[in-house]
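FYI, side chains are in, hydrogens and waters are out, and symmetry mates aren't considered; it's all heavy atoms of this structure.
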Amino acid sequence: MLNALLVMIGLAVALGAVLGFASLKFKVEGNPLVEKVDAILPQIQCGQCGFPGCKPYAEAIASGKAAINLCAPGGEAVMKRLADLLGVEPQPLAAEAARPKPKQVALIDEQICIGCTLCFQACPVDAIVGAAKQVHTVLDSECTGCELCLPPCPVDCITMVPVEEGLNGWKWNYPVYPISDDARKDVEVTS
Amino acid sequence: MENYFLILIGTVFVNNIVLAKILGLCPFMGVSKKLEAAIGMGMATTFVLTLASGASYLVNHYLLGSELAYLRTLSFIIVIASIVQFTEMFIHKTSPVLYQVLGIYLPLITTNCAVLGIPLLNVQENHDFIQSLFFGFGGAVGFALVLTTFAAMRERLEGADVPLPFKGSAIAMVTAGLMSIASMGFSGLVK
C-alpha cells in the first residue's frame, strides 16, 4: 500500500518536475507585436475578418498584410486602439464590418414590374427568372441577398425582404460577448 | 534479428493495431478526411508511440514490477501524457517546421487508445526493451499506413457517386469494414 502510494507520488512529482522544467527551458518567444494585437482583438474567433480566428488576424496585422479595420465585433473601439498601437491613421470600418446585414432576399412587385430584363442581367446567381415584357420573379432559394438587382431597375419595383426564420434554414446565432470595461483596462495596462 | 523483423511485419500487417486489434479508431475515423492531415497524424503517432512503449517498459520493469502490477494502466497513462506534452514543447522550441506539421495532432495522441494499448500488449507478451521499441514502432507504422490509405480512399469517395443514404460517415464505416476484412488475408502469416 505504502509502496504503491510512494511510486505514484514519485512518478507524478518527477514527471511534473520534468514538464515544469521543460516549459521554462523550451519557452518559445513569439512576435511580441502579435501578442499585443491579439490582446486587443475581442477573441470571439468569429472569422468575419476573413481569417480563421483572432490570432491569425493578429499575425496578419502585425506583418502588415491586413488592414486594421476588418474586425466587425470589435467595431470602432478596437480599430482605434489598433491604430494607436501601430501608429497609423484610424480608418473607417470596412463596409462589411460596419453593418451586419440580416439575411434577406429580393422581392419583385409584380404589379409594377414592366418586364425589362435589366435586373436578371445584373443577377450574379441567376436567381431571377422571366423574359422580355413578361413579369419577372425571384427564386428565393437561389437569391443571396446581394442587392445588385436594385440599381438597374427603372421602376424601383424590387425590395429586399428579410428572411423569416423558420424550420428550414434555422441555425444558432453567432455568439456575441460584450467586452467588459475591466478587460479593456487590463489590456491597456499591459499594452 | 529475425525476431525483430517478424515483430515489425507482424505489427504492421498481420496484427494491425487498427484493423485486427480494433484500437485507435477515433483518430482513424476523425483525422482521415484529408490525406495531408492523416500523414501528419501518422508521423506524430509513430514518434510518440515508439517513445511511449520504451518509457512504459522502463516504468513497468523497474518501478512497478509484479508486485504493483495493478498500477500499470494508471502509471502508463501518466507517463504517456507527460511524454506527449514534453515532445510538444521540445518540438515547438527546436523545429518550428516539424511543429507546424505535427503540432495540432500531438495533444490528440494523448487520447489515442492505441498508444495505451501497445504498452499494455507489450507487458502481456513479455517483450524485452528492444522488442518493446520494435513493437511500438511497428504498431505505429501499421497505424500510419492504414490511416493514410483510408484517408486516400475517403478523398476519392468524396468525388464518387455515392447513393444519398450512404454519403459521408456511412460509406466511410463500410470502407473501414472492408479494409478490415481484406487485412484478414494476412492472418496466420506471423503468429
Let me know if B/Ile78 has heavy atoms under 4.5 Å from chain A in its side chain, its backbone, both or neither.
both
Would you mind checking which part of B/Leu64 comes under 4.5 Å of any heavy atom in chain A, side chain (CB onward), backbone (N, CA, C, O), both or neither?
side chain
State whether B/Glu158 and B/Arg154 are salt-bridged, where the test is any N-O pair (Lys NZ or Arg NE/NH1/NH2 against Asp/Glu carboxylate O) under 4.0 Å.
no
Between B/Lys93 and B/Glu88, does any NZ, NE, NH1 or NH2 come within less than 4.0 Å of an OD or OE carboxylate oxygen?
no
When you check the side-chain N and O atoms of A/Ser63 and A/Glu59, is any donor under 3.5 Å from an acceptor?
no
The reported gap from CG in B/Leu145 to OG in B/Ser183 (rounded to nearest 0.5 angstrom) is 11.0 Å
Residue part contacting chain B, namely of A/Leu11, when any heavy atom lies under 4.5 Å:
side chain
